[in-house]
Every structure is written in C-alpha cells, then in structure tokens.
Amino acid sequence: MSIQTMNKTASPFSDRVLGVDESLTVATFARMGELKREGADLISLVAGEPDFDTPENIKKAAIQAIERGCTKYTAPASGLPELRQAIAHKLKRENNLDYDPSQIVVTCGAKQVIFDAVVALINPGDEAIIPSPFWVSYADQVRLMGGRPVILRTSGESGFRLTPRALADAITSRTKVILLNSPCNPTGEVYTPGELCAIADVIADAGIFVISDEIYEKIIYDPARHVSIAAVHPDVVRRTLIVNGFSKAYAMTGWRVGYGAGPPELMRLIAKVQSQETTNTCTISQYAAIEALTGTQESVDAMRDEFRKRRDLIVERLNCLPGVSCRLPQGAFYAFPDVAGLFGERVRNDVELANYLLEEAMTGCVPGSGFGSGNHLRFSYAASLPMLHEAMDRIEDAVSRI
Ligand code: PMP
Ligand code: GLU
C-alpha cells in the first residue's frame, strides 16, 4: 500500500513550508515584471530596491576580481578575511562597536543572515517578538522553523513605536528573540537613542536576543540619526545580532551580499548553518563589497539626497488625496500611507485598493496587510521624480473615481 492510499488527504510536503506564504514583496515584484513584459504601461512602486545602478568603482572592483581569477569558493566560508576586517572597521568607525572579524559572517544578502539566526535560535514553540508593521519575511522565517511570531501592533498615531511597556508585557518564558528594524521597512520610522535605551533595558532584564536589522542605516534623512541598539547598552551588545548589507546603501540588490555581527557563540552557529546551506556568498560580490566599504562614499550621499527629494514629493502628494494620510518617513525609501478612509463599497480593503490602483491607475504598490497593517499601502519611491509625478497624477485620478 502506498503512503498516498494510506492517507489521501495528507500532503507529501512539509507542513512548515506549506504553512507559510511566498514573500509578498518578491511575488508582487515578479507580477509587475510579467505585466511589463506583456507590454502594460505600468508604473511599479513595488520593488524594495534602489533604481540607481551600482556605483562604477564597485563594478570595477568586481571586474578586476574576475580578471585576477578570484572565482573560487571563499575561504573561510564565512567571508573573505579582508571583507570581514573592512566590516569590523566600519562597525567601529560608524557605529562605535568593537567586533573581531571572527564575529562577522558574510551571507547571501541580509535576508540569509536573518534566516540563519532564526535557524540558530528557534526551537519549535519558541516565540519571536515582531513589532508591526514589519518587513514581510520576519514572521514567515520564524514559522518555517516551527516558532511562533508574536506580533506587537503599533499605530501611526504613536509614531509606529514599540513601547518598553508593551515589550515587557509580551515577554514569556518561551520568548527567544525580538526582531527590530530601524530605519523601518515599511514605515520609514527611526528609533531615537533614548527609545532604544528604554527597549534595551527590557531586553537585558529578560535575557532575550535581538536581531537588529539595520540595512537602511545609510538611507536616512536629516535630522534623524541611526544608532544601533547594540551601542546603547553594555549587556544588550552581547545578545544582539547586527544585520546589515550592501543591497540598499550601495544599490547592490542583485549581488547578494549582506552580513551579521554578534556574540561569538551565535556567530559560530550561524557560520555552521551557512556552511551546510550556501557555503558562501558569491566571491566576486565580496570583492565588490570591500570596495563599497573602503572606496569613495560619494554615490551613497548622492542617492540619499535624491531619495529625499522623492520622499518629499510623494508624501506631499499622498497627503493631498482625500481619505489618505501619510507620515513623513525619516529613513528607507517607502511611503506607508493610511488609506482606510478610501475603504467602502467599491474597494473594501488594502488588497482590493492595490488591485484597483493597478487596474485603474496602472500603478503598482504593495498591500499593507503583508506588513501586518491592512489600513495601509506601501509605495516604494525608488523611482525617478518624473515617474513619481506621473504615478501620483494617475492615482489622484483613480481615487477621485472611487
Ligand atoms: N531587511 C529589510 C528590512 C529589507 O527591506 C530587506 C530587503 N530586501 C532585507 C532585509 C534583505 O536585503 P538583502 O537580502 O537584499 O540584503
Ligand atoms: N526588501 C525588499 C522589499 O521589501 C525587496 C524584496 C524582499 O526581499 O522582500 O520589497
């Protein structure tokens, strides 16, 4: 008797994988690509990736690496020693944090180091605290390892801030870790040092870990400043995995290079997971990443200045729409307006509204529910100013017809 006839309803596949969704951002991005290939006159404000090209000096470093024959596996698998040293210097110089290169693991993007940390930390039934709105992948990565995401809702009225009180109330004997993201995707909010200190006190008392996703650190607008939670509390640094990468600040999404820095034992486990999984990220990309950190930073500043102009434009125009209100993001490159005022008979929720804008305004965005907030939509403003103007003209017209 085959297994299938013993139990016809059981799936042959893993319950854990069947129990999570495909990344909403990745899936929506793919859908936009399909529509464009079919010839649709579409403006996609979906992708969480800079529209700028990777800076020339970084591309040249990769070409030189290929020409020098640096095309083999990386030894050690955790990352090229020169790159880990450059990351350690960066963490000292910019974040006032002391890490030995042995405490740094270079991965296939920041996404992988977050996942590897979840693999290293979570046993089935363990809880991971995730303030909402959150980046789409956190909760499902926890679920994939049999953990339980504990979502702590925050609202626009309170600046999308997690309070120390709410955190303390949510911690149980099963809590292993909290995932923090500042500057935040999708809200663009940036925690102040004082707010981080108060949260760090709770973390230190509870003895849990923090995965601190700082990938938008360099896409931040005056007067906001990025501070790592690891830098504000002597006990918390021993329980923090700093997550960062090259995708956003250096427009290197396709190169797949990110990294984590943290306490030695956790980093050994993350390195072990990676050694069984991808071995190492692309060696050529790692040479490019060394140049990104040690070469000129002019393009980082130029991209940030351009993002700031785009932010000002899109937020101003969103706030002119009746029924829509949008906070001014302090970092990242997303606008996350509250659109609940548009819900009614014609469009009942965020998914219907996103579909309506796709059909009636030929403009793509991501429904907020993927980030834990169904009252919002996420617009990426990684698009040129003329394109943003055109998108907003179309949206204005479509919204007036709801
Ligand atoms: N964290 C956040 C908050 C993100 O928006 C992204 C975007 N992809 C990542 C992590 C992962 O970035 P990557 O894997 O490209 O380094
Ligand atoms: N982080 C980006 C986003 O939020 C890229 C896609 C992904 O990896 O989720 O759109």
Side-chain angles (χ1 to χ4, degrees), residues 20-33 44-51 54 79 83 87 105-118 130-142 160 178-191 210-220 226 228 241-261 274 277-278 281-282 285-286 288-289 292-293 307 329 331-336 354 364-373 376-383:
V20 305
D21 293 322
E22 184 183 357
S23 159
L24 180 69
T25 45
V26 174
T28 316
F29 187 38
R31 177 78 188 119
M32 296 298 134
S44 172
L45 304 182
V46 165
E49 70 175 347
D51 52 320
T54 303
L83 176 55
I87 293 167
V105 178
V106 179
T107 50
C108 303
K111 193 180 249 178
Q112 190 195 346
V113 78
I114 299 170
F115 188 60
D116 291 355
V118 169
I130 304 175
S132 132
F134 48 77
W135 179 46
V136 286
S137 290
Y138 297 151
D140 279 335
Q141 290 194 350
V142 170
F160 293 117
I178 171 170
L179 285 106
L180 273 188
N181 178 211
S182 177
C184 174
N185 173 6
T187 63
E189 296 293 338
V190 177
Y191 281 99
V210 193
I211 296 177
S212 177
D213 183 345
E214 304 178 14
I215 194 157
Y216 293 98
E217 162 188 36
K218 288 180 189 289
I219 303 176
I220 194 161
H226 173 75
S228 172
L241 172 74
I242 294 192
V243 172
N244 212 324
F246 298 83
S247 288
K248 315 293 172 174
Y250 299 98
M252 289 174 70
T253 45
W255 300 71
R256 307 311 301 132
V257 47
Y259 61 89
Q274 167 155 281
E277 185 188 21
T278 54
T281 191
C282 170
S285 297
Q286 293 190 54
L293 286 182
F307 278 134
F333 42 72
Y334 308 102
F336 197 60
C365 62
V366 189
S369 45
F371 306 89
S373 181
H376 294 81
L377 295 179
R378 189 192 80 170
F379 294 91
S380 161
Y381 49 85

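This chain uses plain numbering: 1 for the first residue, then up along the sequence. One-based numbering, in listed order, for ligands and for the atoms of each. Quantities reported herein were computed from a predicted structural model and do not represent experimental measurements.
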Point to revise | Non-neighbouring partners of Tyr138 that pass ring pair (Phe, Tyr, Trp, His ring centres under 6.0 Å), sequence neighbours left out | key: Trp135
Check your understanding: So which heavy atom on Phe160 is nearest to which on Pro133, and how close?
Key -> CD2-CD, 3.4 Å
Revision key, fill the gap. When every non-hydrogen atom of Ala117 is compared with those of Ile211, the smallest separation belongs to CB-CD1, 3.9 Å
Check your understanding: Pairs in or reaching into residues 246-261: which pass salt bridge (charged side-chain N to carboxylate O under 4.0 Å, His left out), with residues at least two apart or in two chains?
Key -> none
Review point. Can you tell me how far the OH atom of Tyr259 sits from the CG atom of Leu83, to the nearest 0.5 Å?
Key: 9.0 Å
**Study point:** Non-hydrogen atoms of Ala292 and Tyr250 that approach each other most closely
**Key:** O-CE2, 3.3 Å
**Study point:** Flag, side chain of Glu49 to backbone of Ser247, donor-acceptor distance under 3.5 Å
**Key:** no
For ligand 1, list all ligand N or O to protein N or O distances below 3.5 Å, rounded to 0.1 Å.
| from | atom 1 | to | atom 2 | distance (Å) |
| --- | --- | --- | --- | --- |
| ligand 1 | 1 (N) | Asp213 | OD2 | 2.5 |
| ligand 1 | 5 (O) | Asn185 | ND2 | 2.7 |
| ligand 1 | 5 (O) | Tyr216 | OH | 2.7 |
| ligand 1 | 8 (N) | Lys248 | NZ | 3.2 |
| ligand 1 | 14 (O) | Ala110 | N | 3.1 |
| ligand 1 | 14 (O) | Lys111 | N | 3.0 |
| ligand 1 | 14 (O) | Arg256 | NH2 | 2.8 |
| ligand 1 | 15 (O) | Ser247 | OG | 2.6 |
| ligand 1 | 15 (O) | Arg256 | NH1 | 2.8 |
| ligand 1 | 16 (O) | Ala110 | N | 2.7 |
| ligand 1 | 16 (O) | Ser247 | OG | 3.3 |

Exercise for review: Tell me the residues surrounding ligand 2, counting only those with a heavy atom closer than 4.0 angstrom, sorted by chain and number.
Suggested key: Ser23, Thr25, Val26, Gly48, Lys111, Trp135, Asn185, Lys248, Tyr334, Arg378
Review point. Between Val106 and Gln274, which heavy-atom pair has the shortest distance, and what is it?
Key: O-NE2, 2.9 Å
Review point. Do you see a donor-acceptor pair shorter than 3.5 Å between the side chains of Gln112 and Thr107?
Key: no
